[in-house]
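Data first, discussion second: the structure below is written as structure tokens.
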Amino acid sequence: MLKKKIKEIIRVNQAGELGAVQIYKGQLAVLKNKPISKDLLDMLKKENKHYEKFNELILTYKVRPTILSPIWKAGAFGLGALTAIMGKKSTLACTEAVEEVIIDHYEKQSKYLKGKDSKLCKITEKFCKEEKEHLDFANKHDTGKDLLHITLKKGIKIISKTAIRISEKI
Ligand SMILES: [Fe+2]
Ligand SMILES: [Fe+2]
């Protein structure tokens with residue numbers, strides 16, 4: 001049971017970090033010449049490190065990756081590109097929504113892993129801290145308080161949570 005749950009944690013985190021990489025790549029594809037691209041690139045580099053770490057853990061813990069990787073990959077890139085096209089507010093609304101979900105997710109995992117797998121727990125705690133830096137960056141800007149942006153954030157959160165639930169299992 002414990003082993004199964006830990007495998008789920010690694011599977012979903014690898015999928016999630018792949019999603020994060022792809023979102024920032026999608027945004028950068030649209031905004032590569034804008035001033036914000038430097039910050040997006042910094043976040044992309046962090047997400048790449050997170051993704052690489054979970055790729056490593058997939059091997060050491062012998063976890064089968066989610067079969068939905070190609071779908072998350074394309075979907076997340078599309079979400080990034082779309083929000084970037086919509087403008088700066090939407091770009092950062094996307095960061096805010098995704099990072100809020102992932103922070104909550106890492107916090108729950110860290111609580112679960114405490115005393116069960118301290119090595120993995122340290123990783124989820126460290127990454128959680130780094131996702132908080134991404135959220136702080138988004139929160140320094142206006143991510144929109146109007147209906148469109150509030151709806152966008154809600155929608156992205158629902159999508160992210162659903163993707164998490166599915167990736168734990170398949
Ligand atoms: Fe990440
Ligand atoms: Fe992040």
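Whatever order the structure lists ligands and atoms in, that order sets their numbers, starting from 1.
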Counting only protein N, O or S atoms and ignoring waters, those under 2.8 Å from the Fe ion (ligand 1) are Glu17 OE1, Glu17 OE2, Glu47 OE1, His50 ND1, Glu131 OE2
What N/O/S atom of Glu99 gets nearest to the Fe ion (ligand 2)? OE2
On a heavy-atom basis, which atom in Arg11 and which in Ser167 lie closest, and how many Å separate them? CD-O, 3.1 Å
If you compare all heavy atoms of Leu40 against all heavy atoms of Leu31, which two are closest, and at what distance to 0.1 Å? CD1-CD1, 4.0 Å
Kindly say whether Gly87 contributes a backbone atom to a donor-acceptor pair with the side chain of Ser90 at under 3.5 angstrom? no
Charged N-O contact under 4.0 Å between Lys169 and Glu8: yes
Under 4.0 Å between a Lys/Arg side-chain N and an Asp/Glu carboxylate O for Lys132 and Asp136? no
The criterion is side chain to side chain contact (heavy atoms under 4.5 Å, CB included); which residues satisfy it with Asp39, sequence neighbours excluded? Phe137
